[in-house]
Amino acid sequence: QMSLSGIRDTSTIRSPPPMRKPTVSYVQEFDESIVRDAIERELAREGQVFYVVPRISQLEEASLLLTKIFPELKVVQAHGRMPRGK
């Protein structure tokens with residue numbers, strides 16, 4: 001918003017950082033073993049995992065699932081819903 005009003009300049013990344021791996025997305029029916037395997041593969045390469053759910057109301061359920069599969073990991077929830085009236 002500040003860049004639109006002219007207070008700050010916008011920056012544009014014209015090319016990806018060196019050695020950056022592209023994001024790969026899959027859409028399929030839920031299968032806990034696929035989730036586990038995909039997360040294990042990403043953690044093995046010391047990458048980051050973002051587990052996305054379509055509804056804010058599903059965040060707690062997803063958090064519980066990930067904690068059940070990976071009790072040693074820290075699970076953080078985030079969403080972009082603004083308080084009403086803002």
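Along the sequence shown, the residues carry numbers beginning at 1. Note that the structure is predicted; figures quoted are calculated from it, not measured.
- Distance alone, capped at 3.5 Å, places no donor-acceptor pair between the Glu61 side chain and the Gln58 backbone.
- Side-chain contact check for Ile69 versus Ile39: every heavy-atom pair is 4.5 Å or farther apart.
- Side-chain contact check for Phe70 versus Val75: every heavy-atom pair is 4.5 Å or farther apart.
- How far CZ of Phe50 is from CD of Glu42: 9.5 Å, rounded to the nearest 0.5 Å.
- No more than 12 heavy atoms of other residues, nucleotides or ligands lie within 6.0 Å of CD in Glu46, so this atom counts as exposed by the packing criterion.
- Atom CD of Glu29 sits in a sparse spot, with 12 or fewer heavy atoms from other residues, nucleotides or ligands closer than 6.0 Å.
- Hydrophobic clustering of Ile, Leu, Val, Met, Phe, Trp and Tyr side chains at less than 4.5 Å, counting indirect connections, unites Leu43 with Val35.
- The cluster map of Ile, Leu, Val, Met, Phe, Trp and Tyr, joined by side-chain heavy atoms under 4.5 Å apart, puts Phe30 and Leu59 in the same cluster.
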Q) For Glu40 and Arg36, what are the C-alpha separation, side-chain angles and deciding distance, and is it a side-chain contact (heavy atoms from CB on, under 4.5 Å)? A) CA-CA 6 Å; Glu40 285 175 346; Arg36 182 180 52 253; 3.5 Å; yes
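- Rounding to the nearest 0.5 Å gives a distance of 10.0 Å between CD of Glu72 and OG1 of Thr67.
- Both Val53 and Ile56 belong to a common hydrophobic cluster when Ile, Leu, Val, Met, Phe, Trp and Tyr are linked at side-chain heavy-atom distances under 4.5 angstrom.
- A salt bridge between Glu32 and Lys68 is present, with a side-chain N of the basic residue lying under 4.0 Å from a carboxylate O of the acidic one.
- Under the 4.5 Å side-chain contact rule for hydrophobic residues, Ile34 and Leu65 do not share a cluster.
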